[in-house]
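FYI, side chains are in, hydrogens and waters are out, and symmetry mates aren't considered; it's all heavy atoms of this structure. Nothing here was measured: the structure is a model prediction, and the numbers come from that model. Sequence lines set the chain letters: A, B, ... in the order given, protein chains first and strands last, and positions in each chain run from 1.
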2 protein chains.
Amino acid sequence: MTTTEPAGPPPRRGRGRPGYDQAAILRAAVELFNRKGYDATSMGDLAKELGLTKPAIYHHVTSKEQLLGQALDDALDELTAAVTAASGEAADRTAHERLREVVRRSVEVLVAHQPAVTLLLRVRGNSEVELAALERRRWLDDRLAALVADAVAEGALRDDVPPTLVSRLLFGMVNSLVEWYRPDGSYDRAMVADAVTAIAFDGLARHAS
Amino acid sequence: MTTTEPAGPPPRRGRGRPGYDQAAILRAAVELFNRKGYDATSMGDLAKELGLTKPAIYHHVTSKEQLLGQALDDALDELTAAVTAASGEAADRTAHERLREVVRRSVEVLVAHQPAVTLLLRVRGNSEVELAALERRRWLDDRLAALVADAVAEGALRDDVPPTLVSRLLFGMVNSLVEWYRPDGSYDRAMVADAVTAIAFDGLARHAS
DNA sequence: CCTACCGATCGGTAGG
DNA sequence: CCTACCGATCGGTAGG
């Protein structure tokens, strides 16, 4: 991880002019891409946001698409780590246990890396970069669907709904976090992870217990 | 409702040239907006899709933004009807019953009007048209959250998760349908509505019964 | 000579 | 419904 300073004026380095590094530009770009949409955001918008000129941005970055690609790779790396950490090395744990852990870890990644994941979930496949991201995302979806299928086969989950449908609805709920979650809002990370897990596995209805 | 002909070559009207009407152009536009994103779709793309020239499109349509606004209004009208039909006229039904019906009706609207609703769910607020749509959408979200709160207060739903959080996760799951549902796919409308309702209220876990 | 930038403008394309 | 265009703005780069 790079140092994550709070947003604000560019840090002064040495006695030169204020300077941004690649990471700071990427953060600002992702924030803008999410607020306005990738295509609706111009490099001029990004420059204005940073208080730079457009050419100054190209001193740090090779293209708009590269910024997108890096954000998507960040999100995909985190999600892949979450899925492989929880779903790999079966043996000693049931599919049901691994699925619960994947859900919890996914929520944590969504919350911790919300901007990048939000961008990922909106990708349409309009370029090579986007198509590559969609392919990695499909791989993740397949892993998750397989895990759900295992948990159903194991007898831990209801079998009156097709596993692929269960998987889509479950991770549809998880992914919907990016639409409203705000790190400074009323709910902290653990609370959201608990709520998602509880509702997904036990339902909204009041418990019989 | 206008006549909904299957997609295909433009219908011949009388002895003139092949002609599109506003509704046909709107359908094609919404399909493109969803496939590539609104901003990434040019009016030239739409013209090519329809086999027309760009100016020919402007014979039927006043602006790109107007096409967006009409699609968003369609989606919002349908969703508003679903919510008011199910949640209004309380008296004889519990909040829990009304909530279940809203969920079911919402799923049906999403499936029946998927292209327009998909567009709605991706709106970022980049223009007056989009801001107006977001405002109507917020009104719907508030109605849904109130209904969930009533059902919790009634004792029908679990009270260990804040009602606003429950509402967001529940309709996050419902709305995620637009990301993958295909009318020609393996699941029909009723099956999806049943699955969503069952999973949402009773959870993924196998029943004790 | 480096870094971090600027004013101006490139070739193309947007909506209309 | 087309050919022929407009004002503006796009992502990206020139020299200094």
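Rounded to whole angstrom, the span from the CE atom of B:Met43 across to the P atom of D:dC10 amounts to 19 Å. Atom CD1 of A:Ile57 is separated from atom P of C:dC6 by 10 Å (rounded to the nearest Å). Rounded to a whole Å, the CG atom of A:Leu50 is 11 Å from the P atom of C:dC6. For B:Lys48 and C:dG15, the NZ to C1' distance is 16 Å, given to the nearest whole Å. When the P atom of C:dC6 is taken as reference, atom NE2 of A:His60 falls 10 Å away, rounded to whole Å. Going from atom CG of B:Leu46 over to atom P of C:dG15 covers 10 Å, rounded to whole Å. Atom pair A:Tyr38:OH and D:dC10:C1' shows a separation of 12 Å (rounding to whole Å applied). When rounded to the nearest whole Å, the span between CD1 of A:Ile25 and P of D:dG12 equals 14 Å.
The residues A:Lys36 and B:Asp39 are annotated as not salt-bridged, no charged nitrogen and carboxylate oxygen being separated by less than 4.0 angstrom.
Residue A:Tyr58 has no polar side-chain atom (N or O) positioned under 4.0 Å from OP1 or OP2 of D:dT13.
Against DNA chain D, the stretch residues 62-74 of chain B makes no heavy-atom approach under 4.0 Å.
Picking from C:dA4, D:dG12, C:dA8 the nucleotide with the shortest atom distance to the side chain of A:Pro55 gives C:dA8. Considering only the side chain of B:Thr53, D:dT3 comes nearest among D:dT3, C:dC5, C:dG16. If you check D:dC1, C:dC5, C:dG16 against the side chain of A:His59, the one that comes closest is C:dC5.
Listed here is the closest heavy atom pair of A:Arg158 and B:Gly203: NH1-O, 2.8 Å.
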What does the 5'-to-3' dot-bracket notation of DNA chain C look like when only Watson-Crick and G-U wobble pairs under 3.5 Å count, and pairs to other strands show as |?
.....|.|.||.|.||

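When the side chain to side chain donor-acceptor pair (under 3.5 Å) test is applied to A:Asp141, no partner is found at least two apart in sequence or on another chain. Under the rule for a side chain to side chain contact (heavy atoms under 4.5 Å, CB included), the partners of B:Glu108 that lie at least two apart in sequence or sit in another chain are B:Arg104, B:Arg189. Partners of B:Arg143 by side chain to side chain contact (heavy atoms under 4.5 Å, CB included), not counting sequence neighbours, listed by chain and number: B:Val83, B:Ser87, B:Trp139. Listed by chain and number, the residues in a side chain to side chain donor-acceptor pair (under 3.5 Å) with B:Thr118 amount to none (sequence neighbours excluded). With sequence neighbours excluded, no residue forms a side chain to side chain donor-acceptor pair (under 3.5 Å) with B:Ser63.
Between B:Ala56 and A:Thr41, the residue anchored nearer the 5' end of DNA chain D, judged by the nucleotide with its closest heavy atom, is B:Ala56.
D:dG12 and C:dA8: their C1' atoms are spaced 13 Å apart (whole Å).
Residue pairs that meet the ring pair (Phe, Tyr, Trp, His ring centres under 6.0 Å) test with at least one member in residues 38-59 of chain B, sequence neighbours left out, are B:Phe33-B:Tyr38. Pairs engaging residues 46-66 of chain B under the salt bridge (Lys or Arg N to Asp or Glu O under 4.0 Å) rule: B:Arg35-B:Glu49 [sequence neighbours left out].
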